[in-house]
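Worksheet: one structure, shown below.
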Protein chains: 2
Amino acid sequence: MPSPLKERRTSGAARDGVSEFTTERLSIYLRCLAQLEAAGVTTISSAKLAERFHLNSAQIRKDLACLGELGIRGVGYRVADLRSHLAQALGVDRTRKIIIFGAGNLGIALADHRGFNIDGFEVVGLFDDDDAKHGRSTRNGIPIQPVDRLEAVIASERVEIGIIAVPAPAAQEVCDLLVDAGIAAILNFAPVQLRQREGVAVTSVDLRINLESLSFALTSVRKD
Amino acid sequence: MPSPLKERRTSGAARDGVSEFTTERLSIYLRCLAQLEAAGVTTISSAKLAERFHLNSAQIRKDLACLGELGIRGVGYRVADLRSHLAQALGVDRTRKIIIFGAGNLGIALADHRGFNIDGFEVVGLFDDDDAKHGRSTRNGIPIQPVDRLEAVIASERVEIGIIAVPAPAAQEVCDLLVDAGIAAILNFAPVQLRQREGVAVTSVDLRINLESLSFALTSVRKD
DNA sequence: GCATGTGAATGGATTCACAGCT
DNA sequence: AGCTGTGAATCCATTCACATGC
């Protein structure tokens with residue numbers, strides 16, 4: 001039984017003993033290491049990393065220990081080595097393909113989103129049930145396709161990740177559609193709690209909640 | 001000293017004793033109550049709410065207790081009453097104005113985003129430093145304005161929330177610009193950790209991290 | 001009787017502190 | 001000497017369980 005926290009944010013598989021919190025930090029470390037490597041840094045200590053993120057160095061060591069004993073006592077971590085291990089653990093050492101369902105403003109923006117089209121990810125399809133949109137393409141040239149092409153694209157391109165960018169009322173139906181078509185991981189932008197199926201990882205991004213959290217902070221910390 | 005968890009997600013003010021986790025759930029409850037009220041339900045118990053969200057009823061009661069003693073023992077909560085208290089606590093009983101910096105695909109999509117333009121929020125400005133974009137408008141008619149209009153709009157419209165939708169290298173500069181112009185809460189979509197100033201609430205949405213978390217789940221739960 | 005509000009218990013994430021390797 | 005890896009300690013969120021009030 002997953003904790004409600006994970007229930008809401010990401011659910012499906014907090015793999016092994018690695019929690020969602022740790023996973024997200026691993027992703028942050030990976031980004032940082034890529035920058036360090038580009039800057040020519042060859043070795044880094046957990047204390048130095050901790051400084052950058054305002055994190056505790058023990059936490060970083062614990063997080064990294066999930067990948068095996070990669071550190072060298074008395075020295076630190078080899079940047080290149082650690083980066084490649086992290087990339088492998090996060091599964092971005094190869095390219096995972098993504099399709100997006102919903103070609104509204106958000107879906108189109110996400111299809112061309114830089115972070116979704118580099119270093120291990122690639123958007124290979126954009127779908128919508130509105131006939132009027134079919135045939136058009138995003139600026140980056142991703143064509144908007146009808147729903148009946150969905151299954152074929154997922155199968156032939158070996159798509160693993162589906163993004164839901166449709167209005168709330170349609171989200172559950174689209175989710176089921178994606179799962180039936182073989183999608184194993186879903187990133188949901190619709191403001192609904194999706195009924196999830198066994199073995200499918202689902203993460204929701206609810207922008208309204210983020211806004212209201214900020215608004216809540218504003219109601220108290222009014223500096224006047 | 002905030003915990004790293006909050007540090008990364010939302011920071012600035014975990015107001016009173018109310019944690020970020022609780023705040024996010026309050027936002028979810030509010031949405032649910034609006035639906036219940038629309039459906040004509042007048043009273044609801046924590047147990048019934050718990051069912052909907054796969055949450056523990058005690059947690060819901062604890063969360064709601066933050067707003068005062070709103071429940072009626074032996075009965076439950078009055079939907080309309082609770083909803084209005086929640087709306088007030090989250091600060092959406094009045095309209096908070098938003099400006100977006102960065103008129104790329106994402107910025108434009110967010111400007112027209114439904115959840116950002118109803119029930120307590122309104123996008124009143126979209127800014128970009130690219131001259132070529134000025135004068136154009138989003139589909140919903142929000143014009144793209146030059147940076148030198150920023151301060152005037154924030155002041156005259158009493159804008160409280162700023163959204164950063166620019167590439168990573170520009171994000172910190174834009175953040176400082178917004179804070180200097182009087183913005184008290186920031187929703188950041190750039191994949192960087194922003195240096196934050198005292199009294200400014202900052203929440204970051206990092207889509208790349210969400211994707212990599214899903215990818216991580218996929219590397220293990222390969223159903224074959 | 002029934003459902004809230006809450007102190008106490010639990011569980012999990014973070015931090016401390018130090019043994020152990022280089 | 002320096003820094004990792006990790007058991008022990010701490011902190012905080014969640015859950016239990018019951019006294020309290022309708």
Side-chain angles (χ1 to χ4, degrees), chain A residues 1-11 14-26 28-29 33 41-51 53-79 81-82 85-86 213, chain B residues 1-11 14-26 28-29 41-79 81-82 85-86 213:
Chain A
M1 192 65 56
S3 87
L5 178 69
K6 285 171 206 161
E7 181 79 28
R8 212 192 57 252
R9 300 204 52 77
T10 292
S11 163
R15 174 194 180 187
D16 294 328
V18 187
S19 78
E20 180 71 16
F21 296 117
T22 297
T23 312
E24 295 194 1
R25 284 191 299 269
L26 290 179
I28 294 173
Y29 303 151
L33 286 166
V41 178
T42 58
T43 314
I44 190 136
S45 69
S46 61
K48 280 274 193 304
L49 280 171
E51 241 172 67
F53 303 122
H54 296 280
L55 283 174
N56 180 292
S57 67
Q59 175 151 81
I60 293 180
R61 291 197 298 277
K62 274 235 164 91
D63 288 343
L64 296 180
C66 295
L67 313 180
E69 295 212 2
L70 296 172
I72 303 160
R73 290 161 200 241
V75 178
Y77 299 86
R78 301 232 179 274
V79 173
D81 199 31
L82 184 55
H85 272 88
L86 261 173
S213 288
Chain B
M1 194 64 55
S3 87
L5 178 69
K6 285 169 205 162
E7 180 79 30
R8 212 192 58 251
R9 301 202 52 75
T10 292
S11 162
R15 172 195 180 187
D16 296 330
V18 188
S19 79
E20 180 71 16
F21 295 116
T22 297
T23 312
E24 294 194 0
R25 283 191 300 268
L26 290 179
I28 293 173
Y29 303 151
V41 179
T42 58
T43 314
I44 190 137
S45 69
S46 61
K48 282 270 193 303
L49 280 171
E51 243 171 67
R52 292 184 179 246
F53 302 122
H54 296 279
L55 283 174
N56 180 290
S57 67
Q59 174 152 81
I60 293 180
R61 293 197 296 279
K62 273 237 164 91
D63 288 344
L64 296 180
C66 296
L67 314 180
E69 294 212 4
L70 296 172
I72 304 161
R73 287 161 201 242
V75 178
Y77 299 86
R78 300 229 179 278
V79 174
D81 199 31
L82 185 56
H85 272 89
L86 261 174
S213 288

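Note: hydrogens, waters and symmetry copies are ignored here, and every other heavy atom, side chains too, is used. Letters A, B, ... mirror the listed sequences (proteins, then strands); counts begin at 1.
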When rounded to the nearest 0.5 angstrom, what is the spacing between NZ in B:Lys62 and OG in B:Ser57?
-> 11.0 Å
Over all atoms of both residues, closest heavy-atom pair of A:Thr23 and A:Val18 = OG1-CG1, 3.9 Å
Does the side chain of A:Thr42 reach to within under 4.5 Å of the side chain of A:Arg78, using non-hydrogen atoms?
-> no
How long is the line joining CZ of A:Arg78 and P of D:dT4, in whole Å?
-> 12 Å
Between A:Tyr77 and D:dG5, is there a side-chain N or O to OP1/OP2 distance below 4.0 Å?
-> yes
Among C:dT14, C:dT4, D:dT15, the one nearest A:Arg25 by side-chain distance = C:dT14
Given atom CZ of A:Phe21 and atom P of D:dC11, what is their separation to the nearest angstrom?
-> 19 Å
Min side-chain heavy-atom separation A:Thr43-A:Val75 under 4.5 Å = yes
Side-chain heavy atoms of A:Thr22 within contact of A:Ser19, under 4.5 Å | yes
Look at the side chain of B:Ser45 and decide which nucleotide, out of C:dT4, D:dT14, C:dC16, has an atom nearest to it.
-> C:dT4
Please tell me if the side chains of B:Leu64 and B:His85 come closer than 4.5 Å, counting only heavy atoms from C-beta onward.
-> no
Tell me what B:Ser46 touches on the nucleic acid: a base, only sugar-phosphate, or nothing, going by heavy atoms under 4.0 Å.
-> sugar-phosphate
N/O to N/O distances under 3.5 Å, protein versus nucleotides 18-20 of chain C:
residue, atom, partner, partner atom, Å
C:dG20, N3, A:Arg73, NH1, 3.4

Assign each of A:Ser57 and B:Thr22 the nucleotide of DNA chain D bearing its closest heavy atom; nearer the 5' end lies the nucleotide of A:Ser57
Give, ordered by number, those residues of residues 62-72 of chain A having at least one heavy-atom distance below 4.0 Å to an atom of DNA chain D; if nothing qualifies, reply none.
-> A:Lys62, A:Glu69, A:Leu70, A:Gly71, A:Ile72
Under a 4.5 Å cut-off applied to non-hydrogen side-chain atoms, are A:Ile44 and A:Leu49 in contact?
-> yes
Could you give the CD-to-C1' distance, from A:Gln59 to C:dA13, as a whole number of Å?
-> 8 Å
Taking the side chain as C-beta and beyond, is there a heavy-atom pair between A:Tyr77 and A:Arg61 under 4.5 Å?
-> yes
With A:Tyr29, which residues qualify under ring-ring contact (aromatic ring centres under 6.0 Å, His included), at least two apart?
-> A:Phe53
Taking atom P of C:dT6 as reference, at what distance in whole Å does atom CG of B:Asn56 sit?
-> 16 Å
